[in-house]
2 protein chains.
Amino acid sequence: MTTTTEENYLKAIYHLSTGNQDSVLTSAIAGSLSTSSASVTDMIKKLSEKNMVEYERYHGVKITRKGEKVALSIIRRHRLWEVFLMDTLKFKWDEVHDLAEELEHVSSDELTKRLDAFLGFPKFDPHGDPIPDTNGKVHSNGQVLLSEITKKGKYILSGVNDHSPSFLQYLEKKGLIPGSIFSIVEMDEFDNSMQIIFSNKSPSLLAKKLAKTF
Amino acid sequence: MTTTTEENYLKAIYHLSTGNQDSVLTSAIAGSLSTSSASVTDMIKKLSEKNMVEYERYHGVKITRKGEKVALSIIRRHRLWEVFLMDTLKFKWDEVHDLAEELEHVSSDELTKRLDAFLGFPKFDPHGDPIPDTNGKVHSNGQVLLSEITKKGKYILSGVNDHSPSFLQYLEKKGLIPGSIFSIVEMDEFDNSMQIIFSNKSPSLLAKKLAKTF
DNA sequence: AAAATAATTTAGACAAGTCTAAATTATTAA
DNA sequence: TTAATAATTTAGACTTGTCTAAATTATTTT
Ligand SMILES: [Mn+2]
Ligand SMILES: [Mn+2]
Ligand SMILES: [Mn+2]
Ligand SMILES: [Mn+2]
């Protein structure tokens with residue numbers, strides 16, 4: 001039905017779509033998939049032919065409901081496999097993403113269904129991202145970006161937006177993993193920083209830029 | 001390193017190699033992979049270039065030690081995934097093979113290692129086939145083909161050689177699964193048949209031809 | 001409103017893997 | 001041992017996904 005490559009394109013387009021409803025630009029897809037713009041144009045035409053995206057020459061693409069459903073089914077598999085790798089096989093949270101990139105393309109709805117049941121129908125993956133349900137519905141929590149918090153107080157780290165191993169390792173070394181409780185004790189409007197305390201350790205400074213990734 | 005296609009060729013050549021040390025013929029590989037002889041010749045040249053097989057024009061191939069190691073590592077993954085699918089995800093033994101054909105190509109030795117540990121270091125897969133160890137060593141039991149048994153008596157079904165869903169379903173309906181105890185109560189030299197009793201049921205007739213698949 | 005710059009698409013090529021049809025080599029039969 | 005048959009390889013073509021370089025269209029700058 002859909003090839004591994006098509007699935008990766010649709011996933012990238014979907015991710016670039018969420019948050020803003022503008023068209024996704026060729027260059028953005030190329031950047032996201034580390035491929036050339038020429039290749040993206042070629043693939044976009046194929047996906048358009050299959051009614052997975054709406055394509056307007058020189059103006060990027062919009063993903064269709066059909067394409068979105070495919071993307072969400074791959075994302076569902078990806079996140080379920082990440083839970084499996086971490087909970088069942090005891091991988092660390094910075095190691096699961098690359099493996100899930102391969103496992104997500106094993107094409108069996110029955111497998112996904114049974115994996116889901118075995119894992120106890122998890123709602124979030126190890127990075128705090130919600131796992132879409134069978135119908136492609138995403139039940140998002142009231143998660144908020146650290147950079148958007150305006151009140152001091154206690155918070156729970158529910159997830160991260162940057163999935164790179166180096167960043168995840170950095171956070172873990174600081175003692176910050178999903179579920180961690182931390183307090184914002186000081187916010188500085190001028191130098192774009194906040195001071196936070198977590199897990200009985202000494203106060204630490206976080207730049208707003210970093211905070212955006214929460 | 002090796003592509004999925006190369007891995008499938010090496011697996012097929014390995015399987016066709018075991019039992020006799022003649023060269024594996026182009027047509028045998030083509031038959032096994034449901035592909036044309038022309039395609040096999042092309043791929044054989046590539047594998048020969050990579051020193052995975054020794055190729056003599058018009059006379060088939062012999063798998064090298066290097067090629068055999070790759071094949072055994074894929075077969076190890078395949079059988080471990082089959083155990084996982086059956087033991088952990090509760091698939092039936094006739095459903096696991098096709099899924100394992102996809103999962104076996106997920107390329108991570110660490111994943112294989114952890115899966116092995118999680119499953120409790122199984123030595124045989126759901127069809128009774130031995131799981132090669134990390135070094136590519138195959139610890140075969142003293143299994144013997146049903147067609148080669150000459151004495152009446154009690155036996156344990158340790159595995160099957162035909163993995164097709166239809167055959168596996170047929171056996172299960174008869175009450176025969178790995179671990180089943182059965183007795184050979186009569187052997188007929190002339191019409192190539194034997195009468196066996198299993199699991200408290202009435203005697204059943206098995207043709208020698210069928211017996212060969214055990 | 002042109003000119004300069006940036007983004008996108010097209011043209012043409014390549015690698016992997018596949019196919020059919022034709023040519024070649026091996027095997028079997030006469 | 002030659003002729004017929006069977007198996008294998010080569011030739012040439014096709015698909016998917018990719019690339020670079022050139023042409024086209026959009027956007028910014030002046
Ligand atoms: Mn991930
Ligand atoms: Mn994740
Ligand atoms: Mn199998
Ligand atoms: Mn098996």
What is the distance, rounded to the nearest whole Å, between atom [atom1] of [X] and atom [atom2] of [N]?
X	N	atom1	atom2	value
E7(A)	dG17(D)	CD	P	11 Å
N8(A)	dG17(D)	CG	P	11 Å
E6(B)	dA15(C)	CD	P	15 Å
I44(B)	dG17(C)	CD1	P	14 Å
L33(B)	dA16(C)	CG	P	19 Å

Name the orientation class of the two ring planes belonging to H127(B) and H163(B) (parallel below 30°, tilted from 30 to 60°, perpendicular beyond 60°). parallel
Would you say [N] has OP1 or OP2 under 4.0 Å from some side-chain N or O of [X]?
X	N	answer
T41(B)	dT10(D)	no
S37(A)	dA7(C)	no
T35(A)	dT18(D)	no
K45(B)	dT10(D)	yes
Y9(A)	dT16(D)	no

Could you point out which residue of D42(B), T35(B), T41(B) forms a side-chain contact (heavy atoms from CB on, under 4.5 Å) with S39(B)? T35(B)
Check K92(A) with E172(A), please: is the shortest side-chain N to carboxylate O separation under 4.0 Å? no
Closest listed nucleotide, where the reference is the side chain of [X] and the choices are [options]:
X	options	value
A38(B)	dT8(D), dT10(C), dT20(C)	dT20(C)
S36(B)	dC19(C), dT8(C), dT20(D)	dC19(C)
T5(B)	dG17(D), dT10(D), dT18(C)	dT18(C)
D42(B)	dT9(C), dG17(C), dC19(C)	dC19(C)

Residues within residues 46-63 of chain B bordering DNA chain D, heavy-atom distance below 4.0 Å: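 When residues 46-63 of chain B is checked for heavy atoms under 4.0 Å from DNA chain D, the hits, listed by number, are Y55(B), R57(B), Y58(B).
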How about CD on E54(A), more than 12 heavy atoms from neighbouring residues, nucleotides or ligands closer than 6.0 Å, or not? no
Does some side-chain heavy atom of V24(B) sit less than 4.5 Å from a side-chain heavy atom of H15(B)?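 No; the side chains remain at least 4.5 Å from each other.
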Hey, could you give me the CZ/CG distance between F121(B) and L119(B), rounded to the nearest 0.5 Å? 9.5 Å
What heavy-atom pair brings H105(A) and E102(B) nearest, and what distance separates the two atoms? O-OE1, 3.9 Å
Base, sugar-phosphate, or nothing: which does S39(A) touch, judged by heavy atoms less than 4.0 Å apart?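 The answer is base, as S39(A) lies within the cut-off (heavy atoms under 4.0 Å) of a base atom.
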